[in-house]
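All residue numbers refer to positions in the sequence shown, counting from 1.
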Amino acid sequence: MEYLGETIVVLLILVGVAVAAVAFEPADPLDHWNRLIERYGTSSWPGNPQFKAQQIQFGGPRGALKPLSPEAAFDAEIDEFGLCLAGRGIGSGDTPHIIRVPGTHVRPAGKRKQGFVFKLYAEPPVRILVGGELGSEMMRKAQSG
């Protein structure tokens with residue numbers, strides 16, 4: 001019985017560490033983009049981009065949405081498959097990083113002053129904030145299909 005108090009304290013510390021580890025969300029939006037590259041990365045571009053030099057912000061299931069970097073820009077195409085993004089100005093090199101996300105993996109998640117928020121399913125989901133015509137077209141496509 002005399003060790004019960006110390007055992008409870010140790011268990012509470014372990015539970016706290018476990019909860020923090022599960023709830024941890026990287027603050028760097030590049031981590032979210034890299035997760036999308038791992039899941040949906042491709043080397044093929046479907047055609048001519050409908051939307052050029054778009055500013056897109058990234059975040060996890062919780063927390064703020066942030067741009068990858070001040071010089072990051074995305075060319076986008078929405079087709080029968082889903083959403084295709086080619087990012088430039090991300091990390092090292094000038095080669096674009098391309099992802100193709102099936103339409104079934106893009107879900108609307110809200111509206112903000114700057115545009116629309118969508119969830120892209122990865123583990124865990126990545127939220128993106130898309131403005132302008134691209135955001136409107138993605139919302140129209142999500143609501144019609």
Side-chain angles (χ1 to χ4, degrees), residues 6-145:
E6 294 173 4
T7 305
I8 290 174
V9 170
V10 169
L11 285 174
L12 288 175
I13 290 171
L14 289 174
V15 166
V17 169
V19 167
V22 169
F24 175 74
E25 182 175 316
D28 185 5
L30 190 56
D31 291 340
H32 302 296
W33 172 253
N34 288 334
R35 191 174 321 125
L36 292 173
I37 288 288
E38 287 173 13
R39 174 125 186 196
Y40 300 112
T42 183
S43 59
S44 65
W45 181 257
N48 294 326
Q50 299 163 311
F51 306 94
K52 294 185 180 184
Q54 300 294 304
Q55 300 301 311
I56 299 175
Q57 297 180 17
F58 294 81
R62 299 171 297 280
L65 296 161
K66 301 175 188 173
L68 297 183
S69 70
E71 55 276 344
F74 297 87
D75 292 342
E77 184 168 323
I78 301 170
D79 58 15
E80 64 281 345
F81 178 78
L83 173 66
C84 187
L85 294 175
R88 297 190 184 279
I90 303 167
S92 61
D94 232 4
T95 59
H97 301 271
I98 301 171
I99 62 170
R100 287 186 55 96
V101 183
T104 57
H105 293 197
V106 178
R107 294 283 184 238
K111 183 167 177 22
R112 301 246 175 109
K113 290 179 190 174
Q114 308 93 336
F116 297 95
V117 177
F118 296 90
K119 278 187 184 176
L120 306 181
Y121 286 93
E123 288 300 324
V126 172
R127 290 181 311 135
I128 61 172
L129 175 63
V130 184
E133 290 181 38
L134 174 59
S136 298
E137 180 64 20
M138 286 176 65
M139 183 59 77
R140 187 192 65 72
K141 186 86 168 175
Q143 290 173 341
S144 68

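Residue pairs meeting the salt bridge (Lys or Arg N to Asp or Glu O under 4.0 Å) criterion with at least one member in residues 68-87, sequence neighbours excluded, are Asp79-Arg100.
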Please list every donor-acceptor pair under 3.5 Å in which a side-chain atom of residues 47-60 meets a protein atom from a residue at least two apart or in another chain.
{"from": "Gln50", "atom 1": "OE1", "to": "Ile78", "atom 2": "N", "distance (Å)": "2.6"}
{"from": "Gln50", "atom 1": "NE2", "to": "Ile78", "atom 2": "O", "distance (Å)": "3.4"}
{"from": "Gln54", "atom 1": "NE2", "to": "Lys52", "atom 2": "O", "distance (Å)": "3.1"}

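Heavy-atom minimum distance, Ile90 versus Gly87: CD1-CA, 3.6 Å. The minimum heavy-atom distance linking Trp45 with Ala86 is given by the pair CZ3-CB, 3.3 Å. The two atoms that bring Lys119 and Pro125 nearest to each other are CD-CB, 4.5 Å, heavy atoms only. Here the shortest heavy-atom pairing between Leu134 and Ala76 reads CD2-CB, 3.7 Å.
Met138 places a side-chain heavy atom less than 4.5 Å from the side chain of Phe118. For the pair Arg112 and Leu65, the minimum side-chain heavy-atom distance is below 4.5 Å.
Here the straight-line distance linking atom OH of Tyr121 with atom CZ of Arg39 works out to 11.0 Å at 0.5 Å rounding. Residue His97 holds its NE2 atom at 10.0 Å from CZ of Arg88, rounded to the nearest 0.5 Å. With values rounded to the nearest 0.5 angstrom, Phe74 atom CZ is found 12.0 Å from Ile98 atom CD1. From Glu123, atom CD reaches atom CD of Glu38 across 12.0 Å, with rounding to the nearest 0.5 Å.
Contacts of Ile99 classified as side chain to side chain contact (heavy atoms under 4.5 Å, CB included), with partners at least two apart in sequence or in another chain: Trp33, Leu36, Ile37, Tyr40, Leu85, Val101. Partners of Thr42 under the side-chain hydrogen bond (donor to acceptor under 3.5 Å, both in side chains) rule, at least two apart in sequence or in another chain, are Ser44.
Counting heavy-atom neighbours within 6.0 Å of Glu133 CD, excluding the residue itself, gives a total of 12 or less.
Arg140 has a carboxylate O that lies under 4.0 Å from a charged side-chain N of Glu137, or vice versa, which qualifies the two as a salt bridge.
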